[in-house]
**Student:** 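Sharing a structure, written as structure tokens. Questions coming.
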Amino acid sequence: MADPYRGRGRGLALLQALKKNKNMDSESSSSDSPSPEDTPSSSAVPSVAPSVVSMASTATTVGGRGRMAALLLAKAHAKPGVVPISPASDVSPSLKGAGRGLKLLQSLHASKAAGDVGKPDMQQVTTQIAECTISESTPKPTQASTKVKKYFREVKDTPPVVRMGESGKKLDVTANFIFLNFEENNVYEYEVRYDPDQDYKHLRFKLLGEHSKYFKEKTFDGTTLYVPRKLPDEALNLVSTNPFDNSKVRINIVFRRTRRLSEMIHIYNVIFKCIMKDLNLVRFGRDHFNEHAAVQIPQHKLEVWPGYVTAVDEYEGGLMLTLDSTHRVLRTQSVLSFIKETVAAEGANWKRAIAERLVGCSVMTTYNKKLFRVDSVDDSMTPKSTFEKLENGKPVKISFIDYYKKNYGIEIRDWDQPLLISRDTKHMPGSEKPTDFMICLIPELCQLTGLTDDQRSNFRLMKDVATYTRITPNQRYSSFKKYIQSVLSNETAKSRLAGWGLSIAPETVNLTARTIMPETLYFGNNCKVPGKPNAEWNAEVSRNAVMQAVDIVKWVLLHTDKDRQVAKDFQETLRRCCNPMGISVSQPDVVRLPNDRTDTYVMTLKKLITSGIQLVVAICPTARDDRYGAIKKICCADNPVPSQVINARTLMNQNKVRAITQKILLQINCKLGGTLWNINIPYKTAMVIGIDAHHDASRKKKSVCGFVASYNQSMTHWYSRAVFQERGQEIADSLKACLVDALKHYIKTNGKLPDRIIIYRDGVGDGQLKLLRDYEIPQLKISFKVLGNQYQPSLTYIVVQKRINTRIFMKSSGGLENPPPGTVVDHTITRRDWYDFLIVSQKVNQGTVTPTHYVVVHDDSDMTPDQCQRFTYKLCHLYYNWPGTVRVPAPCQYAHKLAYLVGQNLHQQPSEALADKLFFL
């Protein structure tokens, strides 16, 4: 019979126990000892006193810490004077789930009924409870290292999520992860109270900082204090002085609890931020840089600062530090020098030119290495201007010239320069609402950061910068070793780690990865191309016919008078290239435009586009976003027709015109509904969906969600939808409508619904994974009922993460190299509580490759980890804008292209007439 009180509050359980045990006490005192056949058999409780056995047997469906106490007491009565240690394996899994109070009360009554035999010490029993665990047996990881097993035996009661594949060629690799070891696993949590209460967070830090002798190692957020050792009594009641009004503030520090350091991940990150300061690194955002190791590029007035990105987290292999090298490009030119150059070049329009080039940029103050965003330039203020500053609690007026000389020892040379304005918001003491601040910056003391658009378009400059920023695997690994040595040799950093009982491993973690076999490609005319180790087929694409060709019969070619020869050469090259590819191209209707104005293109297109037009090709003399957006808006929304916009400069290079024309022809074939190549897809009736979002700041923080779904077996044809998302709107609401439309298109094309749906979702951070699992996925499942109550396909939901700091290096005789495409890592450095894996899917010729992280948030299909990884890698072969594998699966890349086009250029819904074609390539 089920316990009617199971699952309710402890008080109700205690009340029921009191009533039950009242009768048990009277029965046990008058009854004789039971015979052996009346006593329940249990390996965990041998030869127990009658009342104890009776009590234990009445609650075999429940357990908890109270049940553990009952078992320990029972063993104590079995052997007088002894309280044995009960290992976790001795406790039956069926005893899980009861309240602590109920089982403790039952144990006490059992002890009373048993008499004075043994009289076990309850404090000793409590100690034994703390040392024991109750857990169901789970399979151990097959390839976990001894260190990993020890970590989870000592620190974690539940094992990590381990989903590992087995197929592929084994590969020895290392990654940018470093094991963290800890000697002491305790951290003490205190609550800090102020009397009178202090609302200003920075003042709280300052008041507590007056007593730093008690807190040599600590983390403090303004309310909660964590220290590695218990504070003495004299540190619990302190008195500080408020620097604003010299009033006394009492600080009362109250102990809350003792926690495991391994559970406090944020403390580790705070510790390593402090270590960065110990190493004299400058912090920009979340990264830290070494200004003393800056590399000068004098020919471009630039310098590159090397730096590090660190993050501590708990992975499948334990607690580890992720360490990656990064770079920051700064301009050696001061803002004042830039202003003077602009004034000399622009003349009377210098104010407008400076506002356009400076507002929104980031500058660094050279005297304290802080970054500020320039919001405006105020030429009514100069360094001679004054501002109010508090001195001894009183406001005093001081000029910027005197302020910098007094506080920084800097003499400002140009007294007539305009000031830069940066706006910020802070909370001030005694104020509930945030206060807006206007920060005035001296251009002479500011240094420009980042690159302008003109600099980014300078090929020579970007190549010189890439020499220092795109570092090889060996160079990157050397920077890791240098960081580890710096920490181990820096006494302050070493003492800081030792204060928390921490140490870092001297080497990065070594792993065994797997490489998936190359994928075979299929072209037209039954041509079969074996996969290559570098996963590229640029030559094969131009030599073989496409899988499905769409003949170009009626199309329009637009160009200006000055691009007449370029257009003529393009037509001739197109005719030469089309036959080997199996595509038939007719003569176009050529339209010459008198000028390259945007409205000229728009008016001409509106007149030319009719129902019979199959394709529009526009050759533009230069690349202009406004003109491109206008053409795409006409062709994708107002008068839907596949379109191709070509920059005339790309066709002027006679050495590359053939290769460029071939790629344009392939792209046009895709936009018209053709197929370039395909691969072997194992599923017959499956739909693959790609989702990505684009955030458009110009539309008041509206975002565009791109949604693409396959509707044929080879997954080469895609149905697309784009939806606008209001700020704060749940994206699942729009995805349900997109999914229903895609399923309707699938059944219209194939005559049946897919029995398997696999979704790849890009643009989701770690903080949104639980939201997806708990909210969005159930909502998507509900939408299946729109197509029939009996329709329940299997659903696999995979989150794709590109912006990660994980790096994987292949070991070779020459040091370290980038791993080959198809390399999979699915253990040790993967997430502890999620089913996930990493794949290196593309070939990188420069720099260090970054793998893609896949998190399987939901999977109710029968796919094994091997099948999921292999299928994901297959999809990286089907992006038709590149003859090779890409970093993310093709549906994700298509969704990205769609969202970017709609959010950046169209700013409205594309036409439904183009939904079944790749018009956004």
**Student:** Tell me whether the rings of Tyr854 and Tyr760 are parallel (<30°), tilted (30 to 60°) or perpendicular (>60°).
**Tutor:**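 Judged by the thresholds at 30° and 60°, the geometry between Tyr854 and Tyr760 is perpendicular.
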**Student:** Decide whether Asp464 and His300 meet the rule of one side-chain donor and one side-chain acceptor closer than 3.5 Å.
**Tutor:**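 Present: a donor and an acceptor within the cut-off.
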**Student:** Let me confirm one number: the NZ-CG distance from Lys606 to Asp599, rounded to the nearest 0.5 Å.
**Tutor:**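 Atom-to-atom, Lys606:NZ and Asp599:CG are 10.5 Å apart.
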**Student:** A quick test of your reading: do over 12 heavy atoms of other residues, nucleotides or ligands sit less than 6.0 Å from CD of Gln909?
**Tutor:**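 Yes.
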**Student:** Salt-bridge test for Glu346 and Arg357: reply yes if a basic N is under 4.0 Å from a carboxylate O, no otherwise.
**Tutor:**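 Yes, this pair counts.
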**Student:** If we ignore angles and hydrogens, is there a donor and acceptor under 3.5 Å between the side chains of Asn678 and Thr716?
**Tutor:**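 Asn678 vs Thr716: no donor-acceptor pair found between side chains.
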**Student:** Going by atom types alone, do Lys632 and Ser643 pair a side-chain donor with an acceptor below 3.5 Å?
**Tutor:**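 On atom types as modelled, these side chains qualify, holding a pair under 3.5 Å.
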**Student:** Below 6.0 angstrom between ring centroids: does that apply to Trp537 and His877?
**Tutor:**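 Yes; His877 has its ring centre under 6.0 Å from that of Trp537.
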**Student:** Is Asp379 paired with Lys351 through a side-chain N to carboxylate O contact shorter than 4.0 Å?
**Tutor:**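 Answer for the salt bridge query: yes.
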**Student:** State whether the number of non-hydrogen atoms from other residues, nucleotides or ligands found under 6.0 Å of Arg649 atom CZ is greater than 12.
**Tutor:**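 Atom CZ in Arg649 is not packed in, count stays at 12 or less.
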**Student:** If the threshold is 4.0 Å, N to carboxylate O, is there a salt bridge linking Glu912 and Lys917?
**Tutor:**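 Lys917 and Glu912: not salt-bridged.
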**Student:** Salt-bridge test for Glu540 and Lys532: reply yes if a basic N is under 4.0 Å from a carboxylate O, no otherwise.
**Tutor:**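 Salt bridge present between Glu540 and Lys532.
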**Student:** Can a side-chain donor-acceptor contact be found between His717 and Thr675 if the only test is distance below 3.5 angstrom?
**Tutor:**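 Judged by distance alone, the side chains do pair up.
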**Student:** Take atom CG in Asn653; do more than 12 heavy atoms of anything else shown fall under 6.0 Å from it?
**Tutor:**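 Check passes, neighbour count above 12.
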**Student:** Hey, are Glu536 and Lys843 close enough for a salt bridge, meaning a charged N less than 4.0 Å from a carboxylate O?
**Tutor:**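 No, Glu536 and Lys843 are not salt-bridged.
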**Student:** Among side-chain atoms of Thr650 and Asn647, is any donor-acceptor pair under 3.5 angstrom?
**Tutor:**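 No - no donor-acceptor pair under 3.5 Å links their side chains.
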**Student:** Salt-bridge test for Asp596 and Arg627: reply yes if a basic N is under 4.0 Å from a carboxylate O, no otherwise.
**Tutor:**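 Salt bridge: yes.
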**Student:** Side chains of Gln565 and His559: any donor to acceptor distance under 3.5 Å?
**Tutor:**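 There is no such pair between these side chains.
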**Student:** Taking atom CD1 of Ile668 and atom CG of Leu615, what is their separation to the nearest 0.5 Å?
**Tutor:**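 These two atoms lie 5.0 Å from each other.
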**Student:** Test Gln447 against Gln333 for side chain to side chain donor-acceptor pair (under 3.5 Å), laying out the working first.
**Tutor:** CA-CA 6 Å; Gln447 187 174 344; Gln333 185 180 25; over 6 Å; no
**Student:** Is it true that Asp375 and Arg373 make a salt bridge, defined as a side-chain N closer than 4.0 Å to a carboxylate O?
**Tutor:**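 Salt bridge: yes.
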**Student:** Whether Asp287 and Arg328 form a salt bridge (side-chain N of Lys/Arg under 4.0 Å from carboxylate O of Asp/Glu) is what I want to check.
**Tutor:**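 Looking at Asp287 together with Arg328, the answer is no, because their closest N to O distance does not fall below 4.0 Å.
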